[in-house]
There are 2 protein chains.
Amino acid sequence: MPTLEKVARTNAGLAAELRVSVMRLRRRLVSERHPNNELSLSTMSALGMLYRRGELGLTELAQIERVQPPSMTRTVKWLAQEGLVTRRPHDTDRRQILVSLTDKGRDVVRADRASRDAWLSRRLADLTAEERAVLRQAAPLIERLAQGD
Amino acid sequence: MPTLEKVARTNAGLAAELRVSVMRLRRRLVSERHPNNELSLSTMSALGMLYRRGELGLTELAQIERVQPPSMTRTVKWLAQEGLVTRRPHDTDRRQILVSLTDKGRDVVRADRASRDAWLSRRLADLTAEERAVLRQAAPLIERLAQGD
DNA sequence: TATTGTTATACTCTATAACTATA
DNA sequence: TATAGTTATAGAGTATAACAATA
């Protein structure tokens with residue numbers, strides 16, 4: 001059997017499997033979030049990115065998070081209302097809005113880290129160490145699949 | 001350092017990383033779907049499940065797909081209108097609606113398998129064989145995380 | 001009473017289009 | 001002209017609540 005064809009079919013099969021599992025886990029994550037956590041997954045994702053990367057332009061943040069600028073405008077507006085981020089004009093380019101975490105925002109990220117993944121952490125604890133090791137290797141690969149190009 | 005604490009922190013970190021990457025890949029998958037494919041990801045997922053499992057009750061299908069019954073009602077209604085599934089009453093329990101693929105539905109699943117994951121397959125082809133092997137191991141684990149409990 | 005499925009309704013997230021201000 | 005961001009609007013996907021039919 002031709003190797004190329006075999007690889008191609010295998011990739012398509014893997015793609016299908018990965019796509020379905022990713023979709024289902026995402027849906028589960030949405031439904032399993034702790035009710036008293038009022039921050040949506042995408043909001044927390046943006047907050048976490050600001051925590052990791054520091055001050056970012058709004059469009060830059062949108063590109064990293066793979067959403068369109070209007071979506072990020074809304075997210076940032078909400079975060080600012082909650083006092084979790086501040087917006088300030090760029091020093092020299094007055095078109096740009098630079099977004100950064102407030103102390104409260106940083107606290108929320110830190111405090112939330114323990115609790116926000118409680119469900120998934122519990123599920124992970126049920127796996128074997130080997131299985132977790134696989135997922136630890138897989139996570140950055142999945143991230144790379146999502147980014148790029 | 002206590003092993004338990006170390007493991008717990010590691011699980012939380014892994015949970016966070018996995019959650020974010022899964023979210024981003026899902027968003028990317030939604031945006032990268034071929035425009036001429038009129039079937040949504042969740043619709044294709046339901047169709048694929050019927051392909052694999054055969055005739056299923058509507059609520060059963062909803063449970064497998066991790067959506068609420070009303071959502072599946074809508075999905076199945078649309079699929080029936082498109083002639084991709086048929087609904088028939090259960091032989092003995094007349095409350096139940098059994099859903100199964102039509103020949104056309106089966107054709108769509110088969111024909112779509114090659115093209116629907118084109119983008120992801122291409123991305124996977126850029127990985128090394130070792131990285132794909134990791135994802136091949138990870139996919140069923142992610143599925144297990146999404147299911148269960 | 002419990003379960004299966006539907007209808008009605010609303011919410012969340014996201015996108016596109018059109019616009020303003022600045023470069 | 002091109003880019004950063006906003007506003008207005010719409011669409012997809014999902015949920016909850018209330019209901020009907022059946023077990």
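Convention: sequence-line order gives letters A, B, ...; per-chain numbering from 1.
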With a 4.0 Å cut-off on heavy atoms, is A/Ser42 in touch with a base, just the backbone sugar-phosphate, or nothing at all?
-> sugar-phosphate
- So does B/Ser71 get a side-chain nitrogen or oxygen closer than 4.0 Å to the phosphate oxygens (OP1/OP2) of D/dA15? yes
Any luck finding a side-chain donor-acceptor pair between B/Ser45 and B/Glu65 under 3.5 Å? yes
Q: With heavy atoms under 4.0 Å as the rule, sort A/Thr73 into base, sugar-phosphate or nothing.
A: base
Side-chain N or O of B/Lys77 versus OP1/OP2 of C/dG5: is the shortest distance under 4.0 Å? no
When we call it a touch if two heavy atoms are under 4.0 Å apart, what does A/Arg74 touch: a base, just sugar-phosphate, or nothing?
base
task: With heavy atoms under 4.0 Å as the rule, sort B/Thr43 into base, sugar-phosphate or nothing.
output: nothing
_Between B/Arg27 and A/Ala146 (side chain of the first, backbone of the second, donor and acceptor by atom type, cut-off under 3.5 Å), is there such a pair?_
no
Check your understanding: Short question: side chain of B/Arg136, backbone of A/Leu14 - any donor-acceptor pair under 3.5 Å?
Key -> no
Open item on the list: For a quick test of reading the model: is some side-chain N or O of B/Arg27 closer than 4.0 Å to OP1 or OP2 of C/dT14?
Closed with: yes
In whole angstroms, the gap separating P of D/dT7 from CG of A/Leu58 amounts to 11 Å
| What nucleic acid atoms does A/Gln96 come within less than 4.0 Å of, heavy atoms only: base, sugar-phosphate, or nothing? | sugar-phosphate
A/Glu60 atom CD is separated from D/dA4 atom P, nearest whole Å, by 10 Å
Counting distance alone, no hydrogens or angles: does the base of D/dT3 have a donor or acceptor under 3.5 Å from a partner atom on the side chain of A/Arg95? yes
Practice prompt. Verify the contact: side-chain N or O of B/Thr75 to OP1 or OP2 of D/dG13, cut-off strictly under 4.0 Å; return yes or no.
Written response: no
Rounded to whole Å, the CH2-P distance (A/Trp78 to D/dG5) equals 21 Å
When rounded to whole Å, the CZ to P distance for the pair B/Arg26 and D/dA12 reads 14 Å
By nearest-heavy-atom nucleotide on DNA chain C, the more 5' of B/Gln63 and A/Asp93 is B/Gln63
Exercise for the section: Give a yes or no answer on whether the side chain of A/Ser21 reaches the backbone of B/Ile142 with a donor-acceptor pair at less than 3.5 Å. Expected result: no
